[in-house]
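The block underneath contains the structure these notes are about, expressed in structure tokens.
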Amino acid sequence: MEHGAIFGWTMLWIIFWGIVGGIVTPRVYERRNLDVSQARLGGTAIGAATGPIGLIPLWVFSPTLSSRWITAAGLLIVAILAVAFARADPNNLCVTNGGFVASQLTNGIVIGIIYSLMALGLTLIYSILGVVSFAHGEFYMIGGMVVYYMSVSALFENANPLVWLLGAAVVTFLMGVAFERMFLRVMNTGQIERPKEYAILVTFGLAFFLQYATQALVGANPVKTQRFFPFPNLDIPSQESAWLIKTTSGNIRLFDAVSIPNPRFTAAAIAVILLLMLMWFLYKTWTGKALRAVSQDQQAAAVAGINPNTMNTLAFGMGAMLAGLSGATLVQVFAWLPQVGIPASARAFVIIVLGGMGSLPGAFLGGLLVGLVEAAGTGCIPDTTRAAAYIPAYGMVILTLTLLLKPTGFFGREL
Amino acid sequence: MNLNRMGGWVVGTLGVIALLVAPVWLTNSPYLMHLAITSFFYAILASSWSLLAGYAGQFSFGHMAFMAIGAYSAALMGYYVRFTTAATNLCRELSLGGIWIVLLNPQGVTQTNTPNCLEMAKATMPVGAIIMQPPVWAGLLAGILMGALFGFLVGSLVLRLRSTYLALFTIGFSEILRAVISAEIDITQGQSGLKMSPLFPGGISLFGMEFGAAAKVPPYYAMLLLFLISMAIMGWLASSRFGLFIRAIREDEEAAAALGVHVVRYKVLVFVVTATIAAAAGVIQGHYIGIITPNILIILQMSLVIAMAVIGGLESLVSAAIGAIIIEFMLELLRNSFDIGPFSVDMTTWRLVFFGALLMLTLRFRRNGLIHPLITWFSRRNVGQETVANRAAAAAAPDA
Amino acid sequence: MLKLEVNNLYKNFGGLQVLRDVTFEVNGPELIGLIGPNGAGKTTLTNILDGAIKPSSGTVYLNDKRVDTLPPYMVARAGLGRTFQVTRAFRRMTVLENLLVPAMALHATGRQNFEAKAREVLDFLTMSHLTNEYGRALSGGQQKLLELGRLLMLDPSLIILDEPFAGVHPRLMEVIYEYIHRVNSDGKAIIIISHDMDTIFTLSKRLLVLNYGDLIADGDPQIVKNDPLVKRAYLGEDEEEG
Ligand SMILES: Nc1ncnc2c1ncn2[C@@H]1O[C@H](COP(=O)(O)OP(=O)(O)OP(=O)(O)O)[C@@H](O)[C@H]1O
Ligand SMILES: [Mg+2]
């Protein structure tokens with residue numbers, strides 16, 4: 001009970017001064033005719049990090065709030081929480097066992113890469129169409145389902161897993177293209193009164209449809225594929241002391257401390273390759289450059305002879321495909337159900353809001369961060385049942401706070 | 001126009017009378033009664049959501065959260081609040097002129113053996129002291145107040161957020177609430193949920209007949225009454241200045257403000273009103289079903305309400321309500337699975353597939369919904385002719 | 001008697017200074033033209049007067065009441081009405097409802113009186129045949145008229161019209177002219193923003209010239225027209241004619 005109390009009071013203190021800073025600072029800055037765009041976020045961060053010690057000088061001198069200040073305050077908050085946590089629960093694995101922490105962090109980054117891949121798809125769609133697809137998680141789910149059912153089908157059973165991935169990519173891409181053509185293209189014709197709201201509802205309807213159609217077709221029993229690429233047995237430098245790398249078919253152990261299960265490792269490796277391919281596509285090919293041009297400026301692109309309709313279709317198809325591929329790589333990690341898309345969607349929303357809607361680097365960074373936070377959350381919180389219930393909520397807290405304090409996220413454009 | 005309006009009143013009155021006397025025929029089928037009650041519940045939610053989204057343009061995904069806040073407030077009150085005529089001196093309590101409002105300590109799900117503070121205090125309390133569970137109406141009041149409070153909070157927080165951002169924020173709000181309820185097992189009992197007393201624990205006599213606590217007729221009328229009251233309130237609001245202003249805000253916030261509309265006030269107010277109504281519906285439904293669990297907050301539930309409102313007609317309270325009633329009945333009646341040759345068709349899932357497809361197709365091809373065009377056809381059928389006639393007259397007249 | 005005092009207004013957007021020390025007064029039912037090249041800050045000035053954005057510094061008093069700190073709806077109630085450069089009719093409300101919004105925002109009393117008044121306004125704007133049409137069904141010009149009608153219902157003492165003549169047929173122009181004269185003779189001051197020089201010179205009795213943030217001239221249109229500063233900065237391209 002003791003540790004709960006210390007940690008709880010620290011949290012309360014942080015929240016209280018965060019709210020005070022967030023409410024008062026913009027008023028102070030506004031009264032002095034200063035730039036208020038960062039005042040809410042800055043006030044909250046500095047209030048939460050330092051309490052009245054930092055807030056009072058802030059209000060007296062009201063300096064220009066640079067991102068550097070705000071980042072510093074954010075890191076300070078994390079540090080304070082970490083210390084409070086360590087003091088409160090000194091026997092926690094996260095406090096005593098460095099190797100465990102390293103493992104958790106590595107696994108967080110590993111899974112974060114895949115989250116990034118999925119969020120990149122969502123942010124790509126947003127940057128081109130101005131639409132958040134509420135069916136993103138369902139494409140993720142379908143990607144996984146395609147891989148699973150290919151892997152158990154007579155025809156593809158013995159094929160290379162890359163063929164399964166290709167299958168998932170093709171299916172989700174075509175579904176995305178078909179949906180965009182049938183339902184989203186009308187948004188640009190002026191027939192729809194409130195295109196944004198229409199898009200929200202119609203993608204929401206698609207999510208509902210896909211989820212239950214999948215359930216009707218394949219049932220609601222969890223499925224999982226076996227490992228795509230089991231590790232060869234490696235012992236480096238030598239069999240007696242394999243301190244650098246030691247692998248079994250299902251696990252890899254680095255530096256005798258960090259261990260990563262094979263499915264996660266291969267999933268992340270595939271995700272990295274896909275990310276590189278995506279970068280190559282976006283930055284080196286004509287079509288990719290055209291996509292980025294449209295995302296920057298619809299009109300200028302139209303003048304340059306890029307057909308916006310084609311770009312919209314392509315972007316939605318590719319977005320759906322990226323979600324499908326993330327699912328396809330993760331179906332060897334998690335048990336797969338028609339409902340797995342729901343938390344995946346939610347996570348992708350968190351990531352793109354945090355990174356800034358429509359920002360590709362933001363989505364990448366946001367994915368890694370969310371992966372890390374989840375790993376820390378699952379690994380460190382002592383009360384496991386409660387932790388399991390709260391894990392999805394952490395992301396949502398991040399989401400709501402970002403929307404309230406800085407709706408543009410890390411790298412987003414002005415609203 | 002006048003004839004149309006009168007027609008509307010006649011149809012409306014006939015509809016209400018039909019709902020009022022329906023139990024005479026339905027009462028032999030508890031299943032149909034249950035369906036009717038549930039459909040009223042969804043009608044309240046869908047129509048209040050249509051006020052929020054269709055009229056005011058605030059596409060919130062947090063409507064079920066307000067409903068849950070109402071239901072949980074009432075349920076928690078039933079669990080942890082007692083009225084007594086004597087002080088316990090052990091529990092947290094508040095004295096109100098001879099009556100004490102006592103707050104029990106949460107027991108958690110596992111430790112059922114340790115008595116709560118009131119049990120322990122009984123030894124020291126005067127003989128004959130009365131201990132009373134809060135009545136259902138007190139829970140209803142608490143639910144409504146909490147709904148209004150949270151409506152106010154959310155409404156104030158989302159003032160600057162539009163469309164996609166608002167949708168994401170309200171999803172976040174709803175999910176956080178669900179996580180908190182699921183996680184704080186000591187208080188909310190998590191997934192196993194909180195039991196709620198029947199609406200009329202001691203039974204009630206209606207029209208000279210006695211009904212027990214489990215009878216369906218009293219909750220039917222309770223839910224119907226709430227439905228009619230909320231429709232009346234919302235209908236009145238929608239046709240008054242409130243309705244005019246929130247529609248203006250939906251169309252163009254800045255233009256509305258430039259014309260003197262207090263945008264902030266009405267945006268917050270519409271959240272308060274719709275959250276309150278949703279919370280009240282949650283309280284009644286919770287008491288009727290007898291239990292409340294965090295599962296009412298899953299996305300499927302919110303999807304149902306949205307789909308009902310959209311398919312009925314988002315921009316009309318009555319259409320949304322009718323849509324909800326029809327869809328609730330259809331969903332239930334489509335439940336029967338059947339076999340085609342060797343294939344068995346599991347309708348419990350397939351009906352939702354059709355439903356999702358219907359939602360998308362309605363949005364795409366009938367953006368005013370399926371019910372609403374029927375109503376407007378009756379009420380606005382003259383406008384076109386009127387305009388044409390006026391235009392002809394204006395053209396015939398020499399330049400004005 | 002209307003009085004508007006604008007004192008030393010500055011407005012910066014980030015590093016861009018859009019208004020610089022703008023000071024002027026309006027006394028009584030004046031008819032004022034406000035001109036300036038694209039991006040001169042005319043719309044920004046309107047937005048500040050109307051409360052939609054806050055000035056970086058400076059004050060605005062309307063009838064001796066400070067309004068630059070007030071939100072737009074309070075400024076509107078204090079007697080300032082404006083139209084938008086891009087028309088902003090409420091598209092999914094009927095023309096009548098469009099007109100009722102400002103009237104009912106201003107007064108707490110019933111709807112009937114306003115309906116009668118709205119019908120009068122529509123008659124005057126030659127739009128009575130459109131009373132029950134939705135805003136989205138109107139043509140661009142009709143939407144402009146609708147905005148003007150909404151202002152009449154608001155009954156402000158000062159009206160700012162941002163580009164009322166852009167994209168308007170000569171026939172409709174007549175209606176707007178008449179509107180301006182009638183509203184003006186009702187004792188309301190009007191500021192008209194326009195790029196249409198002929199119209200501005202014939203309509204207005206006083207001319208304000210904004211040039212990239214500076215108010216470089218304020219006075220009788222004919223005198224302003226020949227002001228060397230204005231000629232150079234703004235009417236430069238017309239020099240051979242003038
Ligand atoms: N919200 C804003 N943020 C940044 N810059 C702005 C903003 N609003 C206006 N500006 C800039 O301020 C300057 C003045 O704009 P304004 O709209 O007031 O010009 P204007 O005189 O109305 O021009 P026009 O005749 O084209 O309507 C422009 O350079 C514009 O880019
Ligand atoms: Mg302008």
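The sequence lines fix the lettering, A, B, ..., with proteins before strands; numbering per chain opens at 1.
Between chain B and the options A:Y198, A:Y126, A:F134, the largest number of non-hydrogen pairs under 4.5 Å is found for A:Y198. Note on A:T203, A:V132, A:L206, A:I342: by heavy-atom pairs under 4.5 Å with chain B, the leading option is A:L206. Of all the listed residues (B:V180, B:I171, B:L359), the one sharing the greatest number of non-hydrogen pairs under 4.5 Å with chain A is B:V180. Comparing B:E175, B:R162, B:E184 by heavy-atom pairs within less than 4.5 Å of chain A, the highest count is held by B:E184.
The residue from A:T402, A:V353, A:V350 that alone fulfils the side chain to side chain contact (heavy atoms under 4.5 Å, CB included) condition with B:L168 is A:V353.
Contacts between A:V186 and chain B at a heavy-atom distance below 4.5 Å involve the side chain alone, from C-beta outward. Interface residue B:F61: only side-chain heavy atoms are found under 4.5 Å from chain A. For chain A, the nearby part of B:F59 is the side chain; its heavy atoms alone come within less than 4.5 Å. Proximity to chain A (any heavy atom under 4.5 Å) is shown, for B:V158, by neither the backbone nor the side chain. With a 4.5 angstrom heavy-atom cutoff, B:A357 touches chain A via backbone and side-chain atoms both.
With rounding to the nearest 0.5 Å, the separation of CZ in B:F169 from CZ in A:F349 is 15.5 Å. Atoms CD and CD1, from A:Q339 and B:I298 in turn, are 8.5 Å apart once rounded to the nearest 0.5 Å. Put simply, CZ on B:R250 and CD on A:E197 are 10.5 Å apart, with the number rounded to the nearest 0.5 Å. Going from atom NZ of A:K196 over to atom OH of B:Y165 covers 8.0 Å, rounded to the nearest 0.5 Å. Separation of atoms CG (B:L352) and CD (A:Q215) is listed at 8.0 Å; rounding is to 0.5 Å.
Between B:I176 and A:Y394, the closest side-chain pair of non-hydrogen atoms is not below 4.5 Å. For the pair A:Y212 and B:T348, the minimum side-chain heavy-atom distance is 4.5 Å or more.
Between A:F209 and B:F355, the gap from one ring centroid to the other reaches at least 6.0 Å.
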### Message
Run B:M360 and A:F179 through side-chain contact (heavy atoms from CB on, under 4.5 Å) and show every step you take.
### Response
CA-CA 11 Å; B:M360 284 160 67; A:F179 174 75; 3.8 Å; yes
### Message
Could you go through A:F204 and B:L363, starting from their C-alpha distance and side-chain angles, then the distance that decides it, and tell me whether this counts as side-chain contact (heavy atoms from CB on, under 4.5 Å)?
### Response
CA-CA 11 Å; A:F204 195 70; B:L363 281 164; over 6 Å; no
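The minimum heavy-atom distance between A:L399 and B:G172, with the atom names listed, is CD2-CA, 4.0 Å. The shortest heavy-atom contact between B:S163 and A:I200 is C-CD1, 3.8 Å. Between A:L201 and B:I306, the shortest heavy-atom distance links the atoms CD2-CG2, 3.8 Å. A:F208 and B:G356 get closest at one heavy-atom pair: CD2-CA, 3.6 Å.
Side chain of B:R160 to main chain of A:L404: a donor-acceptor pair is present (N/O by atom type, distance under 3.5 Å, no hydrogens or angles). Between the side chain of B:R364 and the main chain of A:M182, a donor-acceptor pair closer than 3.5 Å is present.
For A:R194, the CZ atom is densely surrounded, since the number of other residues' heavy atoms within 6.0 Å is greater than 12. The neighbour count for A:Y149 OH, taken as heavy atoms of other residues, nucleotides or ligands under 6.0 Å away, is above 12. Within 6.0 Å of CZ in A:R27 there are 12 or fewer heavy atoms belonging to other residues, nucleotides or ligands.
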